[in-house]
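Reading through the structure tokens given below for one structure.
Note that the coordinates shown come from a computational prediction; the quantities given were computed from them, not determined experimentally.
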Amino acid sequence: MLLVVDVGNTNITLGIFDDKNLIATFRMTTKTARTSDEYGLFIRELVLSREIRPEDIDDVIISSVVPNIMHSFKNGIIKYMNITPIIVGAGTKTGIKIATANPREVGPDRIVDLVAAYETYGGPLIVIDFGTATTYDLILEDGSFVAGITSPGIRICANALWSDTAALPEVEIKKPDSILAKDTITSMQAGLVYGYIGQTEYIIKKIKEESGISDIKVVATGGLGKIIADATEEIHIYDAALTMNGLRLIYEKCKGRRS
């Protein structure tokens, strides 16, 4: 079995693959400082909670955008899983051609999503990851990643709204039935969600316009992305497991076990 780990700015998402089947997923917060012992024991307990023996995990692959936890996190896996994990980074074999100005600046999280989207759906593609930040990435038919856009995630926008305005409460992020809000809570929800739908549709439109590619598939993933994907025809596919599958595919490339 393979343990895949996506270390994001807000959450650490873990998945277990039995061959190509994703049989379990877990989530833990990123921002809590933990020792290697805490990480290792916590991961073992998560695995055991799904009636999977940690000894049945053959390998681990990690993508991380949070370098300051990686020493403890990696050592926790080594100590408690007895596995030295593969860390996705510069030089990792992915099959994606990075055709941007500074390839080493491209985050591993983006590469993982691009690998999964391209292998699964083909190109050209716009891949949108609604995470702590929202990323919009363009990959061409030949697998070249040529452009990326980064914007504040919807939760960052929401936190700014109620943190910086003393009279506004914290609200659930969801799409109200109408943009014509009649109370404070739904007015905030309408502004957040409908505003983000508008941003998403406009960025997709501009990518198509400036790239000259009008016939392009749009794939979305990540956190609150389903809310946006369900509300616009500009997004064709929402794939919640995109990152997990991308890590599996990169692992197979690294090990030369593609079938």
Side-chain angles (χ1 to χ4, degrees), residues 1-95 104 106-116 119 129-133 153 155 221-224 239-259:
M1 294 185 186
L2 173 68
L3 175 64
V4 301
V5 185
D6 175 39
V7 180
N9 288 295
T10 304
N11 293 306
I12 300 171
T13 305
L14 306 94
I16 297 176
F17 281 92
D18 185 0
D19 193 17
K20 298 184 187 300
N21 299 313
L22 183 62
I23 61 173
T25 58
F26 318 93
R27 186 165 292 200
M28 55 198 289
T29 58
T30 303
K31 293 184 179 178
T32 302
R34 295 182 175 96
T35 66
S36 59
D37 294 312
E38 289 171 321
Y39 278 124
L41 286 168
F42 197 13
I43 291 169
R44 281 186 67 91
E45 288 302 314
L46 288 174
V47 172
L48 285 166
S49 73
R50 299 299 176 87
E51 300 183 347
I52 298 169
R53 298 191 315 158
E55 293 76 19
D56 290 335
I57 304 295
D58 301 306
D59 222 335
V60 180
I61 184 167
I62 303 171
S63 166
S64 175
V65 296
V66 189
N68 64 349
I69 75 160
M70 287 306 296
H71 179 75
S72 294
F73 193 86
K74 178 181 176 181
N75 284 338
I77 290 173
I78 292 170
K79 289 168 68 174
Y80 288 90
M81 306 292 286
N82 198 29
I83 295 169
T84 300
I86 297 168
I87 311 296
V88 178
T92 303
K93 184 178 180 181
T94 66
R104 289 184 176 272
V106 180
D109 54 332
R110 299 176 94 140
I111 301 302
V112 169
D113 284 344
L114 290 170
V115 168
E119 294 262 344
D129 189 341
F130 293 93
T132 304
R155 196 173 296 281
T221 192
L224 295 166
D239 187 338
L242 194 71
T243 303
M244 300 287 95
N245 278 309
L247 283 163
R248 174 184 61 81
L249 288 163
I250 291 173
Y251 172 79
E252 291 175 353
K253 291 175 185 292
C254 290
K255 293 296 184 178
R257 296 201 294 110
R258 292 302 310 277
S259 58

*Sequence neighbours excluded, which residues qualify as side-chain hydrogen bond (donor to acceptor under 3.5 Å, both in side chains) partners of N82?*
none
*asked:* Here's a test for you: under side chain to side chain contact (heavy atoms under 4.5 Å, CB included), which of V47, I43, D37 qualifies with Y80?
replied: D37
*Is there side-chain contact between L2 and D58, with at least one heavy-atom pair below 4.5 Å?*
no
_Is it the case that atom CZ in R155 sees more than 12 heavy atoms from other parts of the structure closer than 6.0 Å?_
no
*Evaluate side chain to side chain contact (heavy atoms under 4.5 Å, CB included) for I12 paired with I69, printing each intermediate quantity in order.*
CA-CA 11 Å; I12 300 171; I69 75 160; 3.9 Å; yes
*To the nearest 0.5 angstrom, please state how far the CG atom of D19 sits from the CZ atom of R248.*
8.0 Å
*After noting the C-alpha distance and the side-chain angles of I77 and I62, does the key distance pass the side chain to side chain contact (heavy atoms under 4.5 Å, CB included) rule?*
CA-CA 11 Å; I77 290 173; I62 303 171; 3.7 Å; yes
*asked:* So E252 and E119, do their side chains get closer than 4.5 Å, heavy atoms only?
replied: no
*Pick one: which of I83, I87, T84 meets side chain to side chain contact (heavy atoms under 4.5 Å, CB included) with V60?*
I83
*What ring-ring contact (aromatic ring centres under 6.0 Å, His included) pairs are there with at least one residue in residues 2-36, not counting sequence neighbours?*
none
*With the side chain counted from C-beta on, respond yes when P85 and I78 share a heavy-atom pair under 4.5 Å apart, and no when they do not.*
yes
*Any Lys/Arg nitrogen of D129 or R110 sitting under 4.0 Å from an Asp/Glu carboxylate oxygen of the other?*
no
*Side-chain contact, heavy-atom cut-off 4.5 Å: R50 with I23?*
no
*Distance from K74 atom NZ to I86 atom CD1, nearest 0.5 Å?*
11.0 Å
*Below 4.5 Å, heavy atoms only, C-beta onward: do I52 and D18 meet side chain to side chain?*
no
*Nearest-0.5 Å distance, CE of residue M1 to CD of residue E55*: 11.5 Å
*With side chain to side chain donor-acceptor pair (under 3.5 Å) as the test, would you mind laying out the steps for D113 and T243 before giving the verdict?*
CA-CA 5 Å; D113 284 344; T243 303; 2.6 Å; yes
*Could you please spell out the steps behind the side chain to side chain contact (heavy atoms under 4.5 Å, CB included) verdict for T35 and S72?*
CA-CA 6 Å; T35 66; S72 294; 5.6 Å; no
*M81 and I57: side chain to side chain contact (heavy atoms under 4.5 Å, CB included), yes or no, with the steps?*
CA-CA 8 Å; M81 306 292 286; I57 304 295; 3.8 Å; yes
*Rounded to the nearest 0.5 Å, how far does CG of L3 lie from CG of D56?*
12.5 Å
*Enumerate the residue pairs fulfilling ring-ring contact (aromatic ring centres under 6.0 Å, His included) with a member in residues 32-76, sequence neighbours excluded, ordered by first and then second residue.*
Y39-F73
